[in-house]
Amino acid sequence: MFDKSNKIIVGLEIGTSKVCAVVGELGQEGNLRITGVGQAKSRGVRKGEIVDTGAAVEDIRAAIAEAEQMADVEIRSVYLGVTGGHIRGFNNRGRHAIPSADREITADDVQDVVKNARAINIPAENHVIHVIRHHFIVDGQEGVLQPVGMLGAQIEVDVHVVHGVTNRLQNPIRAVKSLQLDVEDIVFNGIASSLAVLTPEEKELGVLVIDLGAGVTNYVAYVNGIIKHTGVLAVGGDHVTNDLAYGLKTSMGRAEALKIEHGSAVVGPGDKGQTIAISNDVGLPERSINLEHLRRIMSLRIEETLQIVAEDLETVGLIDYLRAGVRLCGGGARVPNVSRLAEQVFGLPVSVGRTKSISGLVSTLDQPEFATGIGLVKFGSFQVEKRVARGGWRTRLKSTLSRMLQGA
Amino acid sequence: MTEAENIAVGLPPVHRVPVIRVVGLGGAGLQAVAHMVQSGLTGLTFAVAHTDARQLAQCAVEPKVLFGGGITRGLGAGGDPDVGRAAAEADVEALRELARDQDLVILVTGLGGGTGSGAAPVLARAARDCGALVVGVAALPFDFEGQRRIQQAQQSLRQLKCAADAVICLPNQKIAGLLDDTTTLLDTFRVANDHLAEGVRGLSRLVTQEGLINVNFADLCRVVRGRQAESSFASASAAGEHRSREVVQKLFSSPFLEGGNLLAEAEAVLASLVGGPDLTLREVKHVMEQINRACENSQVVMGAAIDPSCTGRLAMTLIVTRRSTSDAAAAGEGKEQAEAEAPLVSEFPIEGGRNGLTLKEGNEPARPASRFVPPPPKLSPEQAQQLLANQAGTGAARRRQKQAKLRQGMLPLEVVSKGRFARSEPTLYRGEDLDTPTYIRRGVPLN
Ligand SMILES: Nc1nc2c(ncn2[C@@H]2O[C@H](COP(=O)(O)OP(=O)(O)O)[C@@H](O)[C@H]2O)c(=O)[nH]1
Ligand SMILES: Nc1ncnc2c1ncn2[C@@H]1O[C@H](COP(=O)(O)OP(=O)(O)O)[C@@H](O)[C@H]1O
Ligand SMILES: [Mg+2]
Ligand SMILES: [Mg+2]
């Protein structure tokens with residue numbers, strides 16, 4: 001790019017409860033400022049995936065338009081957040097025998113071994129969203145960071161691969177493209193959120209970020225500064241609301257309002273016997289709701305969700321490496337006492353992640369729901385910096401995207 | 001069907017069917033029930049009751065009960081609900097007999113005249129005292145029948161809502177749009193009776209037929225019971241290649257659903273789909289998806305069943321409960337309802353249970369043991385017990401708590417409503433469907 005002016009980077013999250021577009025401006029010194037944000041209530045998304053394209057496109061349009069107006073820019077492309085129950089993260093080890101006679105490892109060998117690692121065990125109908133390279137192993141020697149130039153017969157690499165079903169990843173891309181917007185890259189929402197709320201120190205110490213959204217719960221674990229695990233559970237705030245609607249025999253709309261106004265992740269000793277009078281449209285009392293029931297239903301659901309995440313981290317053997325504890329974000333992080341409940345489940349310190357590490361509309365944006373959108377902008381800024389470093393601007397990733405859309 | 005699809009749909013639980021009786025009350029009730037018998041409604045028994053001996057004699061349905069003979073001399077109630085009520089009070093024992101040993105009594109009547117309007121609340125109470133769940137199915141007068149009848153019908157409807165577990169209304173006026181000016185009055189009532197019959201057929205099918213997806217008694221209670229608002233129903237059927245789309249289109253254009261608008265505002269919806277042995281999972285899904293989409297803000301309980309007589313066809317019945325809060329009058333209604341109920345109680349004081357009205361919990365006759373057998377245990381028996389216990393503890397069910405307790409562990413309870421998640425794949429984790437509320441899966445009691 002010959003453009004000397006500041007680079008505009010836009011993150012777009014097509015969430016289950018809201019569509020959110022965040023505009024960032026990357027200064028020439030690499031400083032990132034958030035200059036605008038646009039939001040629309042999301043009507044076409046369930047469990048993090050589009051089920052009604054028409055509604056979703058309208059909502060994306062509205063969010064983008066609002067962001068454009070606030071940031072006073074024209075948005076042409078976005079970094080698109082993706083999620084859904086089909087997305088999986090797991091670790092792979094790739095192997096590659098060094099072919100050259102002198103056994104010196106070249107950059108090509110490194111590329112090949114990473115390529116091998118990303119391809120193993122991925123179903124044909126799936127698309128790899130991220131490959132996070134851990135360290136190299138040269139002839140059994142672990143922990144090699146820079147293998148090029150070393151001598152060896154075999155090079156291995158551990159990678160964390162995040163992948164999802166291609167068809168399902170295409171849906172949001174197609175929706176965005178139908179608005180004449182380009183997709184620069186797709187990013188797993190959990191990774192985006194983690195970029196927004198974590199400091200380098202926390203990543204180094206070991207930390208788990210859980211994004212408690214309306215439709216899904218995304219999570220990402222870092223150890224020694226590197227992403228070691230990711231996951232999606234297609235359970236979120238909507239499930240809490242649905243449980244309440246069912247248990248309190250009320251509508252979804254009313255259950256959502258009750259959740260936000262009276263919800264808690266733990267049942268307090270003072271909740272017993274308390275009731276909430278709910279009134280009808282004209283303000284007259286209609287019936288009363290048992291506060292203890294409300295909180296019990298909520299607590300059970302949120303606890304279960306957190307337990308499933310904790311079990312997963314135990315299964316992959318990471319729970320003992322999270323020395324910086326757990327950070328929560330997403331709208332679900334607003335539930336009173338959710339940190340307390342999570343501390344009981346994980347046995348680790350838990351706090352709500354703050355998105356303060358970026359300048360710009362700081363106070364507007366330091367809200368747990370915006371973590372994904374801001375993180376997408378951050379992800380974008382890394383790509384731009386990489387691209388500037390490489391001097392090319394048509395990335396491999398972009399061509400991957402167009403490949404994915406072929407035949408669509 | 002693949003394993004995953006089985007899980008998504010829910011395997012049919014094994015249970016014996018509840019015992020159901022349809023009771024026609026008054027002139028309209030007689031006509032409607034005779035129509036049902038003629039149209040071959042099976043799996044339930046019928047009975048009729050009236051104050052008019054002549055009309056009763058012309059009716060082919062058995063058994064028949066002539067009541068209030070001492071008051072009306074068998075000449076009918078003369079359009080006066082007070083007479084109808086007094087007649088029923090006088091012979092309440094005979095009416096109660098009709099409900100004996102029934103799990104569900106569907107009380108079919110036309111409100112606005114004398115017999116149906118006056119006797120329906122009395123009969124409903126008597127049947128409930130026998131331990132039956134009582135669902136009233138009430139035809140309401142045409143506009144042209146005049147203000148007096150309409151008001152009489154409204155007043156009686158309020159009383160019936162207090163007396164029965166649920167009332168489903170079928171305003172005759174709503175079929176007016178289906179008719180042209182040359183239709184005779186008799187034909188008009190025939191059309192209305194067709195709708196009543198279809199509604200009752202759908203209702204009974206919901207609770208009796210073994211389904212792919214079972215809706216059961218508990219679901220029915222949940223949707224219809226203890227709600228201030230009244231319910232409506234609509235049925236449709238379609239055949240041919242595009243039946244899964246057509247049946248829904250027909251339903252949505254039904255005057256009883258106000259062109260589908262009622263669904264958007266509904267509080268709860270009970271949907272029953274019936275097809276032949278050729279019914280495919282895709283069809284079920286397709287229909288259910290469309291229904292769910294239209295009812296996004298309501299609790300939807302769905303059932304699907306196979307009926308060999310439906311081969312090549314799909315039949316669907318919806319029971320829709322309105323949201324009671326949306327009209328400003330709703331607040332006043334509760335009060336009115338209490339007022340409507342008051343004279344009933346004070347005018348006919350309780351004499352040693354003679355008329356079956358019981359106000360004190362302790363006097364309530366025990367409900368006979370149900371004939372239900374539990375479904376294959378999805379929940380442990382203790383969990384089911386706890387669940388049923390807390391179901392009994394809420395809303396209008398409280399009055400019936402004692403009876404409900406006897407049913408604990410006997411009614412199958414299964415959550416088939418996917419509500420908000422209907423359009424996405426279920427979230428399965430270690431064999432559990434996480435879309436089902438956690439508290440239910442864990443069997444946590446709420447009391
Ligand atoms: N759906 C239907 N409604 C009827 C029929 N006959 C009468 N009605 C309605 O029922 C109301 C009560 O009439 P009817 O049952 O004859 O009076 P009752 O015998 O004194 O209860 C009338 O106002 C009509 O609107 C019928 O055959 N079918
Ligand atoms: N104060 C609150 N208490 C409980 N839940 C809340 C609160 N605020 C937001 N939520 C829930 O958070 C969810 C929205 O979070 P968000 O991260 O914006 O979701 P998404 O990104 O999936 O759209 C909703 O389910 C909403 O009910
Ligand atoms: Mg989100
Ligand atoms: Mg009548």
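Lettering of chains follows the sequences in order, A, B, ..., and the numbering in each one begins at 1. Note that the coordinates shown come from a computational prediction; the quantities given were computed from them, not determined experimentally.
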Item checked: Side chain proximity check, A:I50 to A:T53, heavy atoms < 4.5 angstrom -> yes
Please flag which part of [X] lies under 4.5 Å from any non-hydrogen atom of chain B: side chain, backbone, both or neither.
| X | answer |
| --- | --- |
| A:E256 | neither |
| A:L244 | neither |
| A:V45 | backbone |
| A:E49 | neither |
| A:S288 | neither |

Note to self: Side chains of A:T372 and A:D211: any donor to acceptor distance under 3.5 Å?
What the structure shows: yes
Next item on the list: Output every pair passing salt bridge (Lys or Arg N to Asp or Glu O under 4.0 Å) with a member in residues 231-247 of chain A, not counting sequence neighbours, ordered by first then second residue.
Entry: A:D238-B:R420, A:D243-A:R301
Item checked: A:E369 and A:K18 ion-paired at < 4.0 Å -> no
Notebook entry, point to check: Any salt bridge between A:D52 and A:R43, counting N to O under 4.0 Å?
Noted result: no
